[in-house]
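Okay, structure first, notes after.
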Amino acid sequence: MADALSVIPAAVLRNLSDKLYEKRKNAALEVEGIVKQLASSGDHDKITAVINLLTNEYTYSPQANHRKGGLIGLAAATVGLTSEAAQHLDQIVPPVLNSFSDQDSRVRYYACEALYNIAKVVRGDFIVFFNQIFDALCKLSADSDANVQSAAHLLDRLVKDIVTESDQFSIEEFIPLLRERMNVLNPYVRQFLVGWITVLDSVPDIDMLGFLPDFLDGLFNMLSDSSHEIRQQADSALSEFLQEIKNSPSVDYGRMAEILVQRAASPDEFTRLTAITWINEFVKLGGDQLVPHYADILGAILPCISDKEEKIRVVARETNEELRGIHADPGEGFHVQAILSVARRHLSSEWEATRIEALHWISTLLNRHRAEVLSFLNDIFESLLKALSDPSDEVVLLVLEVHACIAKDEKHFHQLIVYLVQNFRVDNSLLEKRGALIIRRLCVLLDAETVYRKLSAILQEESDLDFASIMVQALNLILLTSYELANLRDLLKKSLFNDAGKNLFLSLYTSWCHSPMAIISLCLLTQAYQHASSVIQSLVEEDINVKFLVQLDKLIHLLETPTFAYLRLQLLEPGRYIWLLKALYGLLMLLPQQSVAFKILRTRLKTVPSYSFSGEQFKRLSSGNAFSEVNHFGGSEILEDGMNEDQRNARNGINFASWLQQFERVQQQHRVHSKSQALSRYSSTSSAKVQEVQTPEEPRRPSPVPDMNRPPSRSSRRGPGQLQL
C-alpha cells in the first residue's frame with residue numbers, strides 16, 4: 001500500500017473517485033502513465049502494489065464512485081503494461097468480473113468498458129478466463145439496463161473475435177457451460193447462446209458437430225420461442241448443422257435420434273416439422289447406427305402421419321416408407337418386439353391414418369420375421385382382435401389381412417374365428433354393420449370353405465339360441481349374395497352328386513338348423529328340393545312369426561337374383577322339377593296375400609309353362625294330387641327332382657329323414673326357448689301391474705298363455721285339406 005501511495009499522487013487518487021467522469025478519466029490516464037514508467041523500469045512489485053490499491057481501496061469500496069474509478073484505473077494500468085500485462089491478469093481480471101454483479105448499473109457498465117479495454121490489450125492471454133467471462137456475459141445479455149446490454153454486446157463481439165483467432169480455446173471445457181444454459185427461457189440469453197454456437201461452428205479448428213448432442217435439444221427448444229428472430233436464428237443454426245451432418249463421415253446419430261424423437265411430439269408445429277425433417281435425413285444417412293433406435297423413431301413417425309399440418313404429414317409418410325424399406329435382422333440389433341409394441345400402441349390412436357400405418361408395419365414384420373412375430377403374438381393379438389371393431393372400413397380390411405397372415409396356423413385360425421363369434425354375440429351392431437365385410441374378406445384371404453366350416457362348427461355348440469339364429473341368417477345371406485363366395489355356391493349346387501359338395505352341405509346343415517329360412521335357402525341352393533318341401537311342411541304355427549316372414553320376404557327377392565337363375569330356368573320343366581314347384585308353392589302359402597313377396601312369387605309361378613306336364617300329370621297337378629303320387633310320373637323324366645327318398649339316399653348317401661329330425665329337434669329347442677321368454681315377459685308385466693295397484697282388491701286370475709306358446713306336437717301339423725280342431 002505504501003509503495004503504491006508513494007508512486008501515485010494523492011490528487012490523482014482523489015480524482016479517481018470523483019463523481020465527475022472527466023476527473024476520473026484524467027486520473028486514469030495519470031495511472032496509465034505511472035504504470036507504463038514502472039513497467040519500462042521493470043519494477044513489477046510497485047505495479048502489483050498499484051493494482052492491489054485499485055482493487056482493494058476502489059473496486060471493492062462501498063462507494064459507487066470509488067468502484068467506478070477503480071475499474072477505470074485497472075483498465076488504464078493494463079493499457080500501461082501493454083505486452084507485460086499477462087503476468088498481472090490474475091490480479092486485474094477477477095475484481096472486474098466481480099463488478100458485473102454490482103447493484104449499480106453504472107458500475108456494471110464501467111466493468112464492461114474496463115474488461116473490453118483489458119481484452120484489447122491482452123488478446124489471446126485473455127482465454128484462461130474465458131469460462132468466467134462467458135458466464136458473466138450470459139448474465140449481462142439479459143441485464144435490465146439497456147446501456148449495460150449495449151456495452152455487453154460490444155464486449156461479446158470482441159471476445160468472439162479473440163476466441164476465433166486463439167489456439168488456446170478449449171471446446172471441451174466450454175460445452176458444459178453451454179449445455180447448462182441451453183434451456184434458459186430469457187430471449188436475450190437465447191440470442192447470446194445461439195450467437196456463440198454459430199460463431200464457434202464457423203471456426204474450422206473447433207468441432208462443434210461432435211458436441212451437437214449436448215446442445216441440440218436446447219436449439220430445438222428455441223424453435224418454439226415467441227420471438228420470430230430467435231426462432232429464425234435457431235432454425236438457421238440447425239439447418240447449418242444438418243448440412244454438416246450430410247457431409248460428415250462420422251456422426252453420433254444415436255444420441256441425437258433420442259432427442260429428435262421427443263421433439264417430434266412437440267405441441268409446436270414448427271418444432272415438429274423440423275424434428276421430422278431431421279429424422280427423415282437420419283433414416284437416409286444413419287444406416288446401422290439407427291437400427292437399435294428404429295422403434296423409437298417409428299413411435300415418433302406414426303403420430304406425425306396424421307398431423308394437422310400437411311407438410312409434416314408428407315415428410316412423415318416419406319420417412320415411414322424409407323424406414324420400412326430398410327431390411328434389418330434381429331442379429332443386427334433390430335428389436336422385433338419393440339417395433340411390435342409401438343405398432344400395437346398406435347392401433348388405439350384416434351387417427352385413422354396412424355392406425356393404418358401401424359397395421360402395415362405389423363404386416364411387414366409378419367412377412368419378414370414371421371417366427372419372431374409369432375413368438376410375441378400374445379403381446380399384440382388382443383389388440384388386433386379389438387381392431388376388428390374399428391370404425392374405419394380400411395382399418396378393418398387391413399386387420400383382416402394381418403389376421404389372415406397369422407391364421408395360416410390352425411391354432412390362430414381357431415382363435416380368430418372363436419373371437420369373431422364372441423364379438424358378434426356381444427356386439428350385435430358389429431355383426432349388423434361389419435359382419436358381411438369381415439366374413440367376405442376372410443373368405444377371400446383364407447379359404448372360403450374352411451371359414452364357413454369353422455363358423456358352422458362353432459355355432460353348433462352355441463348356447464345362445466337367439467344369437468345362433470341371427471348369426472346363421474347373416475352367414476346364409478352372405479353365402480347367397482356375395483360374389484366372393486361364388487365358388488362355394490357352385491360347390492353346394494353339386495351336393496347331390498359330388499362328395500365334396502355333400503360334405504360341405506352336411507357340415508353347414510347342423511348350424512343352419514337354427515334358422516328355418518336358412519335351411520330352406522340352403523336346400524334350394526343345393527337343389528335338395530324334396531327336402532326343402534319337407535322342411536316347409538314341418539313348420540308349425542309358432543314358427544310363422546314376424547321374424548320368419550321378414551326372412552321369407554328376403555328369400556323371395558333373392559330368388560329373382562342371378563344366384564338362383566338356374567332355379568328359375570328349372571321351372572321351364574315343372575314335370576321334372578315337381579318338388580321344386582311344391583316347395584315354391586309351399587312358400588307362397590306361408591306369405592300374406594297382400595305382401596309384395598307374395599305377388600312376386602305368384603307372378604313367377606304363373607309363368608311356369610303347363611306343356612311340360614303330361615295330360616295325366618296336369619290333371620293331378622290341378623287336382624292337388626300330383627305331389628302325393630309323384631312316383632307315378634315317368635321315372636326317368638324326373639330323375640333328379642322326382643326320385644323318392646330311398647332312391648336319393650342310395651345315390652348320394654344323405655339320409656334326409658335323419659337330417660329332418662335334426663332340424664325339428666333344434667327348432668323344438670327354439671320353441672321352448674321362445675315360450676320361456678314369453679312367460680318371463682308376462683311375469684314381469686304382471687308384477688309391474690300388481691305394484692301399480694294402490695288399494696287392495698281381489699286378485700285377478702292370470703289369463704292363460706296363448707296356444708302359440710305351447711310346445712308343438714306332430715299332431716299340430718295340418719295336411720292339405722285338414723282342419724285343426
Stepwise side-chain hydrogen bond (donor to acceptor under 3.5 Å, both in side chains) check, Asn655 with Ser658: CA-CA 5 Å; Asn655 187 344; Ser658 173; 4.7 Å; no
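- In this structure a side-chain-to-backbone donor-acceptor pair under 3.5 Å is present from Ser595 to Phe598.
- For Asp214 and Arg255, the salt-bridge test passes: some basic side-chain N is under 4.0 Å from an acidic carboxylate O.
- Ring orientation note: the planes of Trp278 and Phe282 are tilted relative to one another, at an angle of 30° to 60°.
- For Asn367, the CG atom sits in a packed shell: over 12 heavy atoms of surrounding residues, nucleotides or ligands are nearer than 6.0 Å.
- A salt bridge does not link Asp329 to Arg368: none of the charged side-chain nitrogens sits closer than 4.0 Å to a carboxylate oxygen.
- The shortest distance between side-chain heavy atoms of Val336 and Ile339 does not fall below 4.5 Å.
- Separating the CG atom in Asn476 from the CE atom in Met471 is a distance of 12.0 Å, to the nearest 0.5 Å.
- Taking the six-membered ring where the residue is Trp, Tyr452 and Trp512 present tilted rings, their angle falling between 30° and 60°.
- A distance of 8.5 Å separates CG in Leu212 from CD in Glu244, rounded to the nearest 0.5 Å.
- A salt bridge does not link Lys311 to Glu269: none of the charged nitrogens lies less than 4.0 Å from a carboxylate oxygen.
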Ring pair (Phe, Tyr, Trp, His ring centres under 6.0 Å) assessment of Tyr253 paired with His293: CA-CA 9 Å; Tyr253 289 100; His293 301 278; over 10 Å; no
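- Contact of the Ile301 side chain with the Ile276 side chain is registered, since non-hydrogen atoms from C-beta on lie closer than 4.5 Å.
- For the residue pair Ser429 / Asp427, a side-chain donor-acceptor distance below 3.5 Å is found, with atom types taken as modelled.
- The distance from the CD atom of Gln337 to the CG atom of Asp379 is 5.5 Å, given to the nearest 0.5 Å.
- Salt bridge Arg317/Glu321: absent, no basic N to carboxylate O contact under 4.0 Å.
- Residues Ala234 and Leu219 come closest through the heavy atom pair CB-O, 3.8 Å.
- To the nearest 0.5 Å, the span separating CD on Gln460 from OG on Ser507 amounts to 8.0 Å.
- For Arg345, there are no salt bridge (charged side-chain N to carboxylate O under 4.0 Å, His left out) partners at least two apart in sequence or on another chain.
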Working for side chain to side chain contact (heavy atoms under 4.5 Å, CB included), residues Glu352 and Ser306: CA-CA 8 Å; Glu352 178 184 349; Ser306 303; over 6 Å; no
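- Taking the charged nitrogens against the carboxylate oxygens, Arg272 and Glu309 have no contact shorter than 4.0 Å, which rules out a salt bridge.
- Arg313 and Asp307 are not joined by a salt bridge, as no carboxylate oxygen comes within less than 4.0 angstrom of a charged side-chain nitrogen.
- Distance alone, capped at 3.5 Å, is enough to place a donor-acceptor pair between the Thr274 side chain and the Phe270 backbone.
- Shown here is Lys554, whose NZ atom has no more than 12 heavy atoms of other residues, nucleotides or ligands within 6.0 Å.
- In this pair, Phe656 and Phe505 present their aromatic rings tilted. The plane angle is within the 30 to 60° band.
- The structure places CD1 of Ile417 at 11.5 Å from CD of Gln422, a figure rounded to the nearest 0.5 Å.
- Aromatic ring centres of Phe215 and Phe241 lie closer together than 6.0 Å.
- Residues Leu459 and Leu475 meet the side-chain proximity criterion, which asks for heavy atoms closer than 4.5 Å.
- Looking at Ser469 and Gln473, their side chains do bring a donor and an acceptor atom within 3.5 Å of each other.
- Looking at Arg441 and Glu484, no side-chain N of the basic residue comes within less than 4.0 Å of a carboxylate O on the acidic one, giving no salt bridge.
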Residues Gln527, Gln570; criterion side-chain hydrogen bond (donor to acceptor under 3.5 Å, both in side chains); working and verdict: CA-CA 10 Å; Gln527 304 182 66; Gln570 288 172 350; 2.7 Å; yes
Verdict with reasoning, His403 to Leu445, per side chain to side chain contact (heavy atoms under 4.5 Å, CB included): CA-CA 9 Å; His403 276 299; Leu445 297 170; over 6 Å; no
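- Residues Asn423 and Ser389 bring a donor and an acceptor atom of their side chains to less than 3.5 Å of each other.
- More than 12 heavy-atom neighbours from other residues, nucleotides or ligands sit within 6.0 angstrom of NZ on Lys284.
- Under a cutoff of 6.0 Å and an axis angle of 45°, Arg425 and Phe467 form a cation-pi pair.
- Judged purely by distance below 3.5 Å, without hydrogens or angles, the side chains of Asp268 and Thr271 pair a donor atom with an acceptor atom.
- Note: Arg344 CZ to Phe381 CZ = 14.5 Å, rounded to the nearest 0.5 Å.
- No donor-acceptor pair under 3.5 Å is formed between the side chain of Ser341 and the backbone N or O of Ala338.
- There is a side-chain donor-acceptor pair under 3.5 Å between Ser511 and Ser456.
- Contact check on Asp409 versus Arg370 returns a salt bridge, with a Lys/Arg side-chain nitrogen under 4.0 Å from an Asp/Glu carboxylate oxygen.
- A donor atom on one side chain and an acceptor atom on the other are not found under 3.5 Å apart for Asn280 and Glu322.
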Side chain to side chain contact (heavy atoms under 4.5 Å, CB included) evaluation trace for Leu506 with Trp659: CA-CA 9 Å; Leu506 294 180; Trp659 287 104; 3.4 Å; yes
